[in-house]
Every structure is written in C-alpha cells, then in structure tokens.
Asker: 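Can you read through this structure? Questions will come right after.
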Amino acid sequence: MNQHYQERSGSELTVGDEIKMNAEVKEAEVTVSVQHRQVHKFGGSSLADPVCYRRVAAIVEQQGNGSELIVVSAAGKTTNRLIQLVELAEAGDEAAGEALNALRAYQQGLIDGLLEGELHQSLTTQLNGDLGSLGQILEGQFDRFERNGLLAFGEVWSARLLAALLTSRGEPAIWLDARSFLRAEDGALVKVDEALSSELLKARLAEHSGRVVVTGFIAADMEGRSLLLGRNGSDYSASLLALLADGDSTTIWSDVAGVYSADPRRVKEARLLERLSLAEANELARLGSSVLHSRTLQPVADSRQRLTLRCSYNPDEGCTHILRRAPRSNGARIVSSVDQIALIELKVLPQGDFEQAVKTIEAHLARYRLSPLTLQRQPDRRVLRLAYTLEVAVGAYDLLRDFQLQGGFTGLIQKEGYSLVALVGSGVTDNAEQCHRFYQLLADQPQEFVQVAKDGLSLVAVLRQVVLEPLMIALHSALFSRPARVGLVLFGKGNIGSQWLNLYGREKARLESELNVALTLYGVFNSQGGLLDEEGLDPIKVQKHFEPSPLIWPELLTQLEQHGFDSLIALDLTASETVSRYYPDFAQLGCHIIAANKFAGAAESEFYQRIKQSCRDHQVQWRYNATVGAGLPIQSSIQMLRQSGDRIQGVSGIFSGTLSWLFQQYDGSRPFSELVDDAWQQGLTEPDPREDLSGQDVRRKLLILAREAGFELDSADIELENLVPAALRKLSVEEFMDRLGELDGPLQTAFEGARRVGKVLRFVARFEQGGKARVGLETLEPHHPFANLLPCDNVFAIESDSYRTNPLVIQGPGAGREVTAGAIQYDLWQICAEL
Ligand code: ADP
Ligand code: ASP
Ligand code: MG
C-alpha cells in the first residue's frame, strides 16, 4: 500500500490532469497569498450523497475567496465501510467481496450523480484503478501502514470528486493528498512535524495558487508511509492546515450548526451555543465528543486563525464561534457523553510511593499524547484506573505494558463495557447547584467513579455501560432548564425611555415567569453618558438618581462583548443618528436591537442592508415596531400577510398624529398658521413644528413600511412635499413662529381648490408596487377612510393580493408615550419568546 501511494504520489495531485485543469488554474493566475487563506472542512455527513456534494460546492462558491483550502473527510460512512471491509478480509470472510461491491456502488453512484463527460470517465477510471489495487492488497498480507493506506482511500475519493465537481461548475480546483506534505511521527497518536509540514505545504501551494481540496484524516511518516490522525481526524486536519498555511479562519461544516448544549440528535431541547471559549471547546473535544476531534483546538491555540462551526445543510441555521478570551461562564454549558469507553487498570508496586508513581505514569502518558479522558486513584488498594476511548485504549495499553518496569506497577488489565458522561463548562466544579444535580441524577446509575477536573472545566463520571439517551435528556433538563439570563441596555431615558422604564418595572415579573427568562437592566445611557452594572439597575431609581460616566463607544462595545448574560438586548429609544450607526456593531456582538429610533430603518439602503445582514450573520433580531404607528400593529400585520403567502401591493395612510390633527381641524374658518400655533401651545407638535410640517418624519415611516413590505426603496425614491416654504426652513424656532403666517397662502389655495370639487385636504403617505411613492397633500372624498379620523389618530391602509379591492385598514392613536412604550415592550417580549 505504501508503495502504491509512493508510486502515485507524483501524479495524483490533479483531477484528471489529462483534462487540462492545471493549465486553467495557471492561466487564471490566481495570486492570492497564503497569508489570507481560509480553510473550510466538510465532514462525511456533509458529503453523504450527490445533493450534499452540490450543497457543499455552492457553499464553497459563495463563501470562499477563490484561494481557500477545502479539507474533506470520506463521504458518508465510507471510513466505517472500509474498516469493515478490511476486518472481513483479515478474517478471511467471503462477505468481503460484497462489502467491496457495496463500496464501489456507493462511490460510483456519487460520480454518476455529479459528473458527466470526460471528468466522469476519468474519475470512474481512477476509482476502478483504486478498487483494483485495494482488492489486490486485501488478498495478501498487509502491515499497519498498508492498512492505513486502505482506509485513506475514503478521503482520496472525496477530495478528487469535490475538486472535479467544482471544476465542472466553472470553479477550477485541484486536489492534494495530505500525505504529500503532512509529515508525522508514528505512534498511537501521531506527532506532526509542523515546521517541515508547513514548508512542504507552502511549496505545494506555491505551485497551485487557487482553490485546493485536501484530504483530511491522513498524513505520512518520513518514509512516505500512510498514517491516520484518528477517527473524526479531519477536524484536526483542518485547523492544522490553517496553522501550517498561516490561514485566517477555519470553518468546520457538518450536519449541525455548531456545538449544542447536548448532542442534538439525542436531546431535542439542546440549544446552540453561539460562543464557546477555546478552553471549553478543547475540554469538550478532549472528552471524546464527536462534534470536534480531540486535537482540533491545539492548532487553533497555536495560531491566529478564527474557528467557526456551521451547518452545511442549512448555513443560515446559526453557528458557534470559538473565542480566544478566557471563558466567562460559571457553570456547565454542555452535557457530553461517550457510549463506549475502556478502563485500563494497574496496581502500583507496594515498595513505591503511590502518588509519585501516579505522577510518573501521567507524565509518561502525556509525553506520548496519551493522557486519559479521566482517571481514578484508589490509594488504599494502590490501584489506578485510566479511562480511554476504545480507539485510543489499545495504544495506551501497549505504551503502559512497555513501561511497567520503569513505572513501578503491575497487574495491567484493560476492561471494556463502560460509558462516560460529562458536564463541560468553565467553573462547573464550583457551581454547587449543578454539581448537586449531577450527583443526584447519577445516584441511580451504575457508577464507577466521578472525577472533578483540576482546571474546573469538567465533571466526568464513568458508568458501567448504560443506554445513555434517557440519562442525557434528564441531565440536560435538570441543568439547563434554568431561565435564560437576558441583559438589557437602554439608550435614551427621555420621554419614551422613562415611560418604558416604568412599564418594564411593572411588567418584568410577568414576562420572566411566562417566558422563563431572568431580565437584568444592565445599562442605561443618555446623551450625557451612562452606567453599566451586571448586578442590575433599578428602573425607577435610575430615573431619579443618574450620575453617568462619559460614553466612549469603543470602550462600551468592548464591555458589552465581555458580558456574562446568555443574551443581550440594546434598546435604542433615542432620536440619535449616532446611536443608530452602531447597530451593525451591536449585531456583531450577538446583541439584539429594539428601536424606537427611525434613523436606521430609514437609512440609506447600503447601511440598512448592512444591519440586516449583520443580524442574519449573528442570529440576532432587530425589531422596530415603535417606529411607525407607535403601538398599532402595522409591521406585524405586514409580516403576517407576507408570511401567509400574500403579496403587499401598497401601503398608504396618515402617519403623523400632528398633521392628522391639523388637517382634521382645518375647515377654512381659521388660518392654518393659527392651528399650528394652537397645536404648538398644546404640545401636539415637536418643539420645532417644522419637524412635523416638513413631512420628513412621515417619509421615514413610509420608507420603513415599504422595506418591511419587501420593497427595496431609498429615501430619494419617495417624493416629498414640504409644507414649510423654503424661506422659513433655516430660521430659528422663534423667528419661524413669528413668520408662521407665511404658511397660509399656498395652503389656502390648496384648500379652496379641494372645497370647490367637494373634497377635503389631507397629508397622505403612499407607495404602490411599481408606482410612485409620495408624501404630501392629497384631496380626498369626504367619506374616504382617511378623511374622518379622531383627533391625532393615524390610519394605515394595506393593499395586497388578498386585500385588494378592500384594503386592510388599521386606525388608532399613532403616537403617545404609553402606546410607544407598549410597542417597545412588545418587541422585548417577542425577542425573549424566541430565545
Ligand atoms: P462530520 O461527519 O461532519 O465530521 P460528525 O458526525 O463527526 O460530523 O459530528 C457532528 C455530530 O456530532 C452531530 O451530528 C451530532 O450528533 C454530534 N454531537 C455530539 N455532541 C454534540 C454537541 N454537543 N453539539 C453538536 N453536535 C454534537
Ligand atoms: N473519515 C474519517 C472518519 O470517519 C475522518 C473524519 O471523518 O474526520 O473518522
Ligand atoms: Mg467528524
């Protein structure tokens, strides 16, 4: 096998080099430096059938930058099938023939389902060649390296196939056998020579800039003989590759969106963890979870790469970011298990010091990267028990057998038939409540021992083998049904802010008990600055006694990033454009946003889309029900129609309470300016009435609704009729109020014009699909729904495919402290309900 590999090593780097692909790549002169390489890893579950392969190709095309390294595992269960085949052949079982045929049929099925023409022909020929050599090797005697070489075929086939598929889609890619650069020293757990491998890899990449598919799982020793990195080892290959090629990022794509609070296939209620510290991820991997190979995190720690886990079946399902900062959790975040483990038991000789002997044994095992999952000391019996996955136990046993004399122990035995259950999370061992529940639930189980990790990262129990599923479900619910801790950061404590604080104070307990959340008012800011307190601020007291520290945005964002809550929500109840500019940063921090501020919703398209994208990328919500119609259910109605399969055709109405009042009153008996003055005196207008009269605010609302209805509009697409004559726009408020009479001329003319034809004058906002969007005066029939409102009411008419001749009309008070605070509280409720 080894020879077989060496014979082929010079020529197998390209997918059918006879098909000129190399030339294509060279011609393309892709000169992206190795400095900016991304690594994407697709496991067997992501490559199980032709549909999966196409999904992977689409992900590569969308997410890659053309120079990425794509690490692949064997497709579907190919490695299992290969192992089974080898075992059958070793046992001389005739079923080996059938197993080989099944393997052929599966691989050929993938090629048939994905390729045509020359590429199809070429890959079929190569597959047949491989299967021929494989069959021949199986017939004779083969050593361990040759056996490794047989298992390596799985990765070779998927790398070759994916590169061919990408090429056939016009995305030239070559493939690389990791044995051509990944040099390692043999051992139960191989030791990679990183310096040499990096040099070799960079040389290969210099020859082949552009997209490269690399086999995971396999390496070679100095003589070129095949070595394996262990089951699930392609995760390690991926992060290792990023280290060796100075890659920026590694994304591990599998059938799940990332690390969950338990294996989601076992525990339905498991929640996706959006962020996990390196230390926690490493502990989970070390303890044998299949979601990450045990060695994956070491290259991450040794390099600057960012590691993310995502789902290839549904890339938008969310993800887990592995963060470098120290973990801030103070308890378990994951319950993990390994169905079958082995215990290796040994007895320290009577003449030696027991603790000293244990230290020596541990050091020896560590030297060979064979530290146990966990261990139990029994000093009274002088017994040490070491837990290993079945895969590693063999190597550990051999190592210990050869070390008996030096290590001062005897009576080495290996027993199988155990399971491992662990709680993982920084500080779990200090979390009395979780520890208590863990012990309580394990009390009825056939427990061998429980071990507390020294670094506080895990609590591990070894049981005699049991059916783990019910136990995992029970543990998960006992540990994680606690309420989600939600931190709220309020911006703006003026009119609306203080009203919402009062409402929040009243509603907090009900929301917490109905939605199983624990809310904390973490921060409050206004234009002078603000306060942050993880212990929580009192919503009533903070209104009276407020001694803010200056608000320095970069510092605040760093503090928010370090928060210790499960979720964070920023409430922007300001009218500040500056605050709105930070929405993408909030989203990036994983912070949900609730806004009464209209700036972002009505911002230029580029910025608006950036916020939306950032929210999608980081799985956070941006809700802004309070921006239009205050508490009226406008946005939710539009969403409901769209979700029901309807299409919005247009929205129109009177969106300003002030303008609604003014035109309702304006019957020709008094000049318009007098009414404005009245409204101003009564506080029905903004302090500067021009903010209402200019129609700007209405235009923002119309833009927000149009976007919500699915139309890509910009502010400039909406025609605006400004009721303030140009000469009055730049004056101070006092000067403007003095010259208010200048409003009257044009309005009087418009009013008379309407009255002559038996109509009334209203300030209307309107957009229609494919038609125009406009905010300004309209003449309406006196019985029109917009013509007969109660003072200050808003009205919204939604036209859709289903509500065409008879639009859906929503009418009621569209402004006011109470209803606006209510809309904000509703958004808070909605976000909490989805946590
Ligand atoms: P791949 O074939 O892509 O390498 P694996 O099957 O090796 O994928 O790993 C993903 C699997 O890990 C998931 O399907 C899931 O069943 C399992 N798993 C175990 N524990 C967890 C966990 N805590 N979070 C997510 N997945 C987990
Ligand atoms: N194909 C190998 C396995 O099945 C490696 C991997 O999937 O990561 O274990
Ligand atoms: Mg895997």
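As the structure lists them, so they are numbered: ligands from 1, and atoms in each ligand from 1. This chain uses plain numbering: 1 for the first residue, then up along the sequence. All values reported here derive from a predicted model rather than from experimental measurement.
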Asker: Work out whether the distance between some heavy atom of Lys41 and some atom of ligand 1 is less than 4.0 Å.
Answerer: yes
Asker: Indicate the ring-plane relationship of His476 and Phe480, choosing parallel, tilted or perpendicular according to the 30° and 60° boundaries.
Answerer: perpendicular
Asker: I need the atoms of ligand 2 closer than 4.0 Å to a non-hydrogen atom of Glu155, numbered in the order shown.
Answerer: 1 (N), 2 (C), 5 (C)
Asker: Check each atom of ligand 1 against the heavy atoms of Val259 and keep those under 4.0 Å away; list them by number with element.
Answerer: 24 (N)
Asker: Below 4.0 angstrom, N of the basic side chain to O of the carboxylate: do Asp221 and Lys191 qualify?
Answerer: no
Asker: Does a side chain donor of either Gln107 or Thr78 reach within less than 3.5 Å of an acceptor in the other side chain?
Answerer: yes
Asker: Counting from 1, what ligand 1 atoms have a heavy atom of Pro264 closer than 4.0 Å?
Answerer: 24 (N), 25 (C), 26 (N), 27 (C)
Asker: Cationic tip of Arg271 within the cone over Tyr260's six-membered ring, i.e. under 6.0 Å and within 45° of the normal?
Answerer: no
Asker: Identify, with sequence neighbours excluded, every residue that meets side-chain hydrogen bond (donor to acceptor under 3.5 Å, both in side chains) alongside Ser458.
Answerer: Glu283
Asker: Please step through side-chain hydrogen bond (donor to acceptor under 3.5 Å, both in side chains) for the pair Arg275 and Thr320, ending with a clear verdict.
Answerer: CA-CA 5 Å; Arg275 302 182 299 173; Thr320 298; over 6 Å; no
Asker: For atom 14 (O) of ligand 1, what's the nearest protein heavy-atom neighbour? Residue, atom name and distance, please.
Answerer: Arg265 NH2, 2.5 Å
Asker: Please state whether Ala262 comes within less than 4.0 angstrom of ligand 1, counting heavy atoms only.
Answerer: yes
Asker: For atom 27 (C) of ligand 1, what is the nearest protein heavy atom, given as residue, atom name and distance?
Answerer: Val291 CB, 3.6 Å
Asker: Would you call Arg183-Asp193 a salt bridge at under 4.0 Å N-O?
Answerer: no
Asker: For the residue pair Leu189 and Arg295, establish whether any side-chain heavy-atom pair is separated by less than 4.5 Å.
Answerer: yes
Asker: Which heavy atom of Ala173 sits nearest to which heavy atom of Val213, and what is that distance?
Answerer: CB-CG2, 4.4 Å
Asker: Numbering the atoms of ligand 2 from 1, which are under 4.0 Å from a heavy atom of Ala74?
Answerer: 1 (N)
Asker: Compute the minimum heavy-atom distance from Ser289 to ligand 1 and say whether it is under 4.0 Å.
Answerer: yes
Asker: Using a 4.0 Å cutoff against the non-hydrogen atoms of Ser254, which atoms of ligand 1 qualify?
Answerer: 3 (O), 8 (O)
Asker: For ligand 1, which atoms, with element, lie under 4.0 Å from some heavy atom of Asn232?
Answerer: 4 (O), 7 (O)
Asker: Which atoms of ligand 1 have any heavy atom of Gly43 under 4.0 Å away?
Answerer: 1 (P), 2 (O), 3 (O), 4 (O)
Asker: Return the set of protein N, O or S atoms whose distance to the Mg ion (ligand 3) is under 2.8 Å, each given as residue and atom.
Answerer: Asn232 OD1
Asker: Contact between ligand 2 and Gly44 is defined here as a heavy atom of the residue under 4.0 Å from a ligand atom; is it met?
Answerer: no
Asker: Does Val192 form a side-chain contact (heavy atoms from CB on, under 4.5 Å) with Leu240? I'd like the steps, not just the answer.
Answerer: CA-CA 9 Å; Val192 175; Leu240 188 59; 3.9 Å; yes
Asker: May I ask you to list the atoms of ligand 2 that are less than 4.0 angstrom from any heavy atom of Ser73?
Answerer: 6 (C), 7 (O), 8 (O)
Asker: Please determine, by modelled atom types, if Asp130 and Gln126 share a side-chain donor-acceptor pair under 3.5 angstrom.
Answerer: no
Asker: Please identify which atoms of ligand 1 are closer than 4.0 Å to at least one heavy atom of Gly258.
Answerer: 24 (N), 25 (C)
Asker: Identify, by atom number and element, the atoms of ligand 2 in contact range of Thr79, meaning under 4.0 Å from any of its heavy atoms.
Answerer: 1 (N), 2 (C), 3 (C), 4 (O)
Asker: At a 4.0 Å threshold, what atoms of ligand 1 neighbour a non-hydrogen atom of Ser45?
Answerer: 1 (P), 2 (O), 3 (O), 8 (O)
Asker: Under a 4.0 angstrom heavy-atom cut-off, which atoms of ligand 2 come close to Arg231?
Answerer: 3 (C), 4 (O), 9 (O)
